Amino acid sequence: SLHMANTYKWADVAKHTTEKDCWFVINGNVYDVTEFMDDHPGGVDTLLDQAGKDATEEFDAVGHSKQAQDLLEKYLIGKLVDPDGPAPKIAGQNTGSGGGAGNAILAVIIALVAIAVAYYKFVLNA
């Protein structure tokens with residue numbers, strides 16, 4: 001997209017925290033939702049709470065519709081690139097809610113099953 005050439009740091013995003021100038025980060029992308037404030041079905045305050053911050057977990061937790069996710073693209077202004085700051089959150093990755101541990105356990109189980117199947121096929125059927 002045309003905006004992906006633009007990059008911003010956390011310090012840039014953090015300056016935009018008012019109803020007349022509201023940015024936030026979702027999945028490492030920077031959005032300027034100023035024009036959308038009055039149209040947000042969840043109200044202005046919920047957007048202002050996230051202004052200047054990483055709103056990935058909050059956006060995800062609300063369970064926004066596909067339509068809402070598509071609408072977000074309209075307000076995309078660039079990517080967060082800030083090697084000195086905290087890494088942006090990415091929905092679906094371990095966000096500290098304990099979801100990551102479950103995925104790790106699942107990966108181990110799948111690996112063990114694969115090893116057992118291979119052992120069975122190659123050793124016992126030899």
Side-chain angles (χ1 to χ4, degrees):
S1 116
L2 148 94
H3 293 304
M4 292 325 269
N6 295 338
T7 59
Y8 301 94
K9 292 185 179 299
W10 284 116
D12 302 322
V13 177
K15 292 174 191 157
H16 304 271
T17 57
T18 69
E19 203 171 327
K20 303 264 175 283
D21 181 17
C22 180
W23 293 14
F24 44 67
V25 175
I26 296 177
N27 290 325
N29 293 322
V30 180
Y31 298 93
D32 176 351
V33 295
T34 309
E35 298 295 312
F36 182 63
M37 297 297 279
D38 294 331
D39 298 324
H40 185 234
V44 171
D45 290 344
T46 50
L47 294 179
L48 282 177
D49 284 346
Q50 298 307 316
K53 301 184 197 144
D54 195 317
T56 303
E57 285 179 15
E58 289 73 11
F59 183 83
D60 223 34
V62 170
H64 282 91
S65 65
K66 173 86 174 76
Q67 188 181 3
Q69 292 170 15
D70 292 345
L71 184 63
L72 194 59
E73 295 314 303
K74 183 176 160 187
Y75 301 102
L76 178 67
I77 56 169
K79 263 204 136 8
L80 183 83
V81 179
D82 191 351
D84 304 324
K89 297 170 186 167
I90 305 295
Q93 287 184 2
N94 186 6
T95 48
S97 60
N103 294 345
I105 292 163
L106 188 62
V108 169
I109 292 169
I110 291 168
L112 289 173
V113 169
I115 292 165
V117 169
Y119 179 83
Y120 179 79
K121 276 189 174 152
F122 296 112
V123 178
L124 298 181
N125 289 347

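Given the structure is predicted, the values throughout are model-derived calculations rather than measurements.
Atom-to-atom distance recorded for Thr17:OG1 and Asp49:CG is 11.5 Å, nearest 0.5 angstrom. Note: Thr46 OG1 to Phe59 CZ = 11.5 Å, rounded to the nearest 0.5 Å. With rounding to the nearest 0.5 angstrom, the CG atom of Asn29 is 11.5 Å from the OH atom of Tyr8. Note: Lys9 NZ to Lys15 NZ = 11.5 Å, rounded to the nearest 0.5 Å. Atom CG of residue Asn27 and atom CG of residue Asp54 lie 8.0 Å apart, to the nearest 0.5 angstrom. Separation of atoms CG (Asp32) and NE2 (His16) is listed at 7.5 Å; rounding is to 0.5 Å.
Here the closest heavy-atom approach between residue Lys53 and residue Phe24 is recorded as O-CB, 3.2 Å. Looking at every heavy atom in both residues, Val30 comes nearest to Leu80 through CG2-N, 3.7 Å. When all heavy atoms of Met37 and Glu19 are compared, the pair lying nearest together is CG-O, 3.6 Å. Between Ile26 and Thr56, the closest heavy-atom pair is CA-OG1, 3.3 Å. Gly28 and Pro88 get closest at one heavy-atom pair: CA-CB, 3.6 Å.
Here the side chain of Thr34 pairs a donor or acceptor atom with the backbone of Cys22 at under 3.5 angstrom. Of the possible polar contacts, one joining the Asp82 side chain to the Trp10 backbone as a donor-acceptor pair under 3.5 Å is found.
Counting only heavy atoms from C-beta outward, the side chains of Asp38 and Val44 approach each other to under 4.5 Å.
Lys74 pairs in a side chain to side chain contact (heavy atoms under 4.5 Å, CB included) with only one of the listed residues (Leu76, Leu72, Asp70, Leu71), which is Leu71.
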